[in-house]
Colleague: 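I'd like to ask you about the structure that follows.
From a predicted model like this one, the values you see are computed outputs, not experimental measurements. All values below were derived from every heavy atom in this structure, side-chain atoms included, with hydrogens, water molecules and symmetry-related copies excluded.
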Amino acid sequence: MSDAQPHLYLVDGSSYIFRAYHRLPPLTNRHGMNTGAVYGYTAMLWKLADGLSKADGPTHMAVILDKGSSSFRNAMYDQYKAHRPPAPEDLKPQLPLIRVATRAFSIPCIEEEGLEADDIIACYTAAARQAGWKVTIVSSDKDLMQLIEDDGSVDMLDTMNDRRIDRDYVVEKFGVPPQQLGDVLALMGDSVDNVPGVPGIGPKTASQLIQEHGSLEAVLAAAPEIKKPKLRENLIAHADNARLSRELVRLVCEMNLPEPLEALALQNIPEAPLREFLEEQGWKSLLNRMVGQGARPSNGERPPAPVREAGPGAPEAISVDRSTYATISDAATLGQWIAEARAQGRVAIDLQGDGGHGLAEGLAGVSLAIGPGKAAYVPLGHGTPDLLNEGPAQLGLKEGLGLLRPLLEDESVLKLGHNLKDQLKLLAEQGIVVSPVEDVMLASFALDGGRYGHALDELVKRHFEHECLPLKAVCGTGQKAIRFGDAPIAAATEYAAENADMVWRLWQRLEHRLAAEHATRVYRLVDLPLVPVVGAMERDGVKVDRAYLAELSGTFAAETASLEERIFAAAGGPFTIGSPQQLGQVLYDRLGLKGGRKGKSGNYSTDQAELERLEADGVEVARLVLDWRLLTKLRQTYTDALQAQIDPKSGRVHTRYALAAAQTGRLSSTDPNLQNIPIRTELGAKIRNAFIAEEGFSLLSADYGQIELRLAAHIADVPQLKEAFAKGEDIHTMTAMELFGDAGKDSRGKAKTINFAILYGISSWGLAGRLGISRDEGKAMIDRYFERFPGIKDYISTTLEKVRERGYSETLFGRKTHFPNIRSSIMSLRQGAERAAINAPIQGTSADIIKRAMVRMPGALADAGLSDARMLLQVHDELVFEVPQGREEQAAEVIRDVMANAAAPVVTLDVPLSVEVGWGANWGVAH
DNA sequence: TCGATCCCGTA
DNA sequence: GTACGGGATCGAG
């Protein structure tokens, strides 16, 4: 190591320990004390000290801690950090251990009464800079980011997420450089430290304002001219709070250094005290690392890094010149391209529709790519046929598709596409069955699910840092939008050919990862084969009784009108009932009702729970509004909207299923969403009766009973649950008996709530809210549940451990869902990710199973001589079919069989899957 | 015309 | 507490 510039590492010990406590799994030392956080802390110090001889590693190091509970900021503002919950019980005894651990490393530990760690860090940073040293602050606290210097002389290291935080990071995250960060933080406030900020201003607005005006004072000065009324008022009314907040977030250095800089030199660490500490704690793995290494755990030997998969990797820079794309308007040229595609054995294709959603309205053209940058557009339906003008030179639809058909159907030529479902649907209408195919959207979904969206332009941006020509640049937007087929051919070529080009390049990049990252099974055996199946469901659509819906609409409307009158009478005048803002004002300001709860936008909450609370207090208008909401919701969202969605050509409703939208692997349904048709309320359930079978057919509904609980029983290996399912017992009753020793209505209801809470990633707070009990009672109930069903507890901890280590969860079939926030330093994000990570394997396995059933269904029906039976809808655990009358029993047998055995042979479940089947003239009676 | 927010329907 | 999509309102452009 040369005598280069000294480099001081300042470790923000207090904040580290809190974060470590929340994110690391609990760990018990040999005295039965939880030491997870201290262990994490020790491992971190180890790693840092290990950098002594490394480039950019520390030459000097100190740990800075908070001391005492109040600082000069409390004198400034007595509410500062007032709402901080006390440290969790099992963290408290760990706090003094930090000092012990730090001493064991012979690293100085600095704390000062009345000063927060942040201020001490600011002081040392200033002193070290003055001495010409480099400083790295080991923390992820945003307040400390104010200290970062543009020239790199001060940066931060977030060891939790293993990343350097520098000026660019701050600019990216907050929109301003570190020098202006304090102003942004002052505006946005901090609910954890109870820094007030300005109401209604969050990170986004704060950053925008400071960027615009340069400083907090400038923002406050300009406040009267700000256009947005709410923002203006808040800025003026809370200017003092903003200034106070500015002082609260300011880091101050008003102390003499308790230890001189030179005293912080990092030495080789003496072995004895460290060994003693590790032995005391019983941390064998760290002890073993010391063996033969001397005390300093360096000498090049690092513990093996956790196994991480490749991931999307760094973006690959590409150069794209859209002007080189070809437009093909004659048969000879197209023939040459087709020949070259044949020679390559693969071709990327993209179809351009004519308007409306997806490709429903017909074909404007086809683009092809036969290599990176080698792409062309074949217009087929541009311009409107016109007796006087010929329109643009192009191959006609018939001729063009005639030439392309042999290529598209050639089994020896691989067709690459993005979201091929919609394109294959359209070609199928022309009688062209494309095979074989690969879909980059689905490949990306299988590889990078949960990481980001899988739209083509987003994938291109992520993988190539390239911006695709947006469709609106070609077709415009809104009312003035034109059909793709009416766009100028030159622009259409740039857009369409680029898409095919990008598909080609993406497949090159994704293909090899499928096998390497074990995503092949989900991609090839589940999602890809589902494409034509779902395409057929969309094409077939479901018949809807328009007259019946219209009648319901009428009834609902009349009912709504009378409710409206009564609401206005009770409210003392008309207002927009549908506006939560106005409703809140009427209830709490005009009528003066008590107990209004305001959300962060400053409006009163008027959601169902609040209105029900008012209703219980005898407020009649609350009941009326609830009824009004139910009726308007049903009318607007269902009876009216559904009528509008009936395709005039088929008289049926053709929903569209998104295959790569839901993180867990579920399908989603849009335009209209047929996966949220009402059923729970009596009134809502009437809407299901509008879904009817074609003349001579019945609607048949088959749904899995409690599939997610069954999967939880299997995955978490809970003997009692598995046994109950095997015997066909009522699962919630069984749970109630286990938990409470009785299965009265009340107990069973509670048990049911807990069972669901488990699936959703339980928290004592959430359960308490749901059951209307205290948090402690909720906690006790969860503890009891874990005690009775230890498998569930193990499942949760091992799942989280795995996700933290690898970054993703997996279903029984190997579908991965990534959780980028699982190690976030922002608690709410992290906890959200944890709940989702607990739920994803269960919800995702259920999605895999029903998808496998769907893939097998058409063949199974055909084999049974039921090719007239059609699968129409999927609602997560339910499939809806149209079956010829008189064949219902037989179809039910086949369907039940396919669904119940859909996990096999890949996965053998310890619990049976039950399938309930019903049928009738409409969905309401079938379900 | 667009995005954010609130509210609410399903599994 | 999980996973979605969509309607209305509101405020901005």
Colleague: Would one find a side-chain N or O of Arg680(A) under 4.0 angstrom from OP1 or OP2 of dA11(B)?
Modeller: yes
Colleague: Whether the side chain of Glu777(A) engages the backbone of Ser774(A) through a donor-acceptor N/O pair (distance < 3.5 Å, no angle test) should be reported.
Modeller: yes
Colleague: Within the 4.0 Å heavy-atom criterion, would you say Ile677(A) contacts the bases, only the backbone, or no part of the nucleic acid?
Modeller: sugar-phosphate
Colleague: For the pair made of CG in Leu630(A) and P in dT10(B), what is the distance, rounded to whole Å?
Modeller: 10 Å
Colleague: Contact class for Leu634(A) vs. all strands (heavy atom < 4.0 Å): base, sugar-phosphate, or nothing?
Modeller: nothing
Colleague: Starting from P on dT2(C), measure out to CD1 on Ile822(A) and report it in whole angstrom.
Modeller: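 Rounded to the whole Å, the gap is 13 Å.
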Colleague: Should the ring pair His454(A) and Tyr452(A) be called parallel, tilted or perpendicular, given that the plane angle runs from 0 to 90° and is split at 30 and 60?
Modeller: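 Because their plane-to-plane angle lies in the 30° to 60° range, the rings of His454(A) and Tyr452(A) count as tilted.
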Colleague: Salt bridge check, Arg852(A) against Asp848(A): does any charged N sit closer than 4.0 Å to a carboxylate O?
Modeller: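 Looking at Asp848(A) and Arg852(A), the cut-off is not met.
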Colleague: Any idea which of dA8(C), dT10(B), dG1(C) is nearest the Arg770(A) side chain?
Modeller: dG1(C)
Colleague: Compare the minimum distances between each of dG1(C), dA11(B), dC4(C) and the side chain of Asp877(A), then state the nucleotide with the smallest one.
Modeller: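 Nearest to the side chain of Asp877(A) among the choices is dA11(B).
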Colleague: Hey, does the side chain of Arg635(A) reach the backbone of Ser553(A) with a donor-acceptor pair shorter than 3.5 angstrom?
Modeller: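 Not at all, since once roles are kept as given, no pair shorter than 3.5 Å links the two residues.
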Colleague: Base, sugar-phosphate, or nothing for Gln608(A), non-hydrogen atoms under 4.0 angstrom?
Modeller: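 Sugar-phosphate contact only - Gln608(A) comes under 4.0 Å of backbone atoms but never of a base.
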Colleague: Would you say dA8(C) has OP1 or OP2 under 4.0 Å from some side-chain N or O of Ser579(A)?
Modeller: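 Indeed not, no polar side-chain atom of Ser579(A) lies that close.
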Colleague: How would you label the contact of Ser669(A) with the nucleic acid (heavy atoms, under 4.0 Å): base, sugar-phosphate, or nothing?
Modeller: sugar-phosphate
Colleague: Once the angle between the rings of Phe575(A) and Phe568(A) is folded into 0 to 90°, is it parallel (under 30°), tilted (30 to 60°) or perpendicular (over 60°)?
Modeller: perpendicular
Colleague: Within the pair Arg666(A) and dA11(B), is there a side-chain N or O less than 4.0 Å away from OP1 or OP2?
Modeller: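 For dA11(B), OP1/OP2 do not have a side-chain N/O of Arg666(A) under 4.0 Å.
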Colleague: If the cut-off is 4.0 Å, is Ser668(A) near the phosphate of dG5(C), judged by side-chain N/O to OP1 or OP2?
Modeller: yes
Colleague: Give one of base, sugar-phosphate or nothing for Thr655(A), where a contact means two heavy atoms less than 4.0 Å apart.
Modeller: nothing
Colleague: Ignoring hydrogens and angles, state whether a donor on the side chain of His927(A) or Asp703(A) is under 3.5 Å from an acceptor on the partner side chain.
Modeller: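 No donor-acceptor contact under 3.5 Å links the two side chains.
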Colleague: Between dC8(B), dA3(C), dG7(C), spot the one nearest the side chain of Ala662(A), thanks.
Modeller: dA3(C)
Colleague: Below 3.5 Å, does any donor atom in the side chain of Asn676(A) face an acceptor in the base of dG9(B), or the other way round?
Modeller: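 Check passes, donor-acceptor contact within cut-off.
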Colleague: Whole Å only: how far is the CH2 atom of Trp765(A) from the P atom of dT2(C)?
Modeller: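 It works out to 11 Å between those atoms.
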Colleague: Give a yes/no on whether any side-chain N or O of Gln582(A) is located under 4.0 angstrom from OP1 or OP2 of dC10(C).
Modeller: yes
Colleague: Among dG7(C), dG1(C), dG9(B), which is the nearest nucleotide to the side chain of Gln636(A)?
Modeller: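 Minimum distance to the Gln636(A) side chain belongs to dG7(C).
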Colleague: Below 4.0 angstrom from OP1 or OP2 of dT2(C), is there any side-chain N or O of Arg835(A)?
Modeller: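 Yes, such a contact exists.
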Colleague: Does Thr606(A) have a side-chain nitrogen or oxygen under 4.0 Å from the phosphate oxygens OP1 or OP2 of dC7(B)?
Modeller: yes
Colleague: Counting side-chain heavy atoms from CB outward, which of dC8(B), dA3(C), dA11(B) is closest to Thr664(A)?
Modeller: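 Output: dA3(C).
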Colleague: Please report the distance, rounded to the nearest Å, between CD1 in Ile796(A) and C1' in dT2(C).
Modeller: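 About 13 Å, once rounded to whole Å.
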Colleague: For Leu549(A), run the side-chain contact (heavy atoms from CB on, under 4.5 Å) check against Asn689(A), Thr639(A), Asp640(A) and tell me which one passes.
Modeller: Thr639(A)
Colleague: How many Å lie between CG on Leu659(A) and P on dC4(C), as a whole number?
Modeller: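 After rounding, the gap between these two atoms is 14 Å.
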Colleague: Using a 4.0 Å heavy-atom cut-off, does Ile679(A) contact any base of the nucleic acid, only the sugar-phosphate backbone, or nothing at all?
Modeller: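 Result for Ile679(A) = sugar-phosphate.
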Colleague: Students often get this wrong, so: under 4.0 angstrom with heavy atoms, is Ser763(A) touching a base, only sugar-phosphate, or nothing?
Modeller: base
Colleague: Once you round it to whole Å, what is the distance between P of dT2(C) and CG of Leu829(A)?
Modeller: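 Rounded to the whole Å, the gap is 12 Å.
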Colleague: Give the nucleotide from the list dA11(B), dG7(C), dC4(C) with an atom nearest to the side chain of Arg688(A).
Modeller: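 Among the listed nucleotides, the one closest to the side chain of Arg688(A) is dA11(B).
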Colleague: Find the distance Glu612(A):CD to dC8(B):C1' and express it as a whole number of Å.
Modeller: 12 Å
Colleague: What's the closest nucleotide to the side chain of Leu767(A) if the choices are dG1(C), dG11(C), dC8(B)?
Modeller: dG1(C)
Colleague: Without decimals, in angstroms, what is the distance between Gln675(A) CD and dG6(C) P?
Modeller: 10 Å
Colleague: Indicate, yes or no, whether a donor-acceptor pair under 3.5 Å links the base of dT2(C) to the side chain of Gln843(A).
Modeller: yes
Colleague: Counting the atoms with a prime plus P, OP1 and OP2 as sugar-phosphate, which does Thr632(A) contact under 4.0 Å by heavy atoms, base, sugar-phosphate, or nothing?
Modeller: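 Answer is nothing: Thr632(A) stays at 4.0 Å or more from every strand.
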Colleague: Ignoring the backbone of Thr670(A), work out which of dG1(C), dC4(C), dG6(C) is nearest its side chain.
Modeller: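 Looking only at heavy atoms from C-beta outward on Thr670(A), the closest nucleotide is dG6(C).
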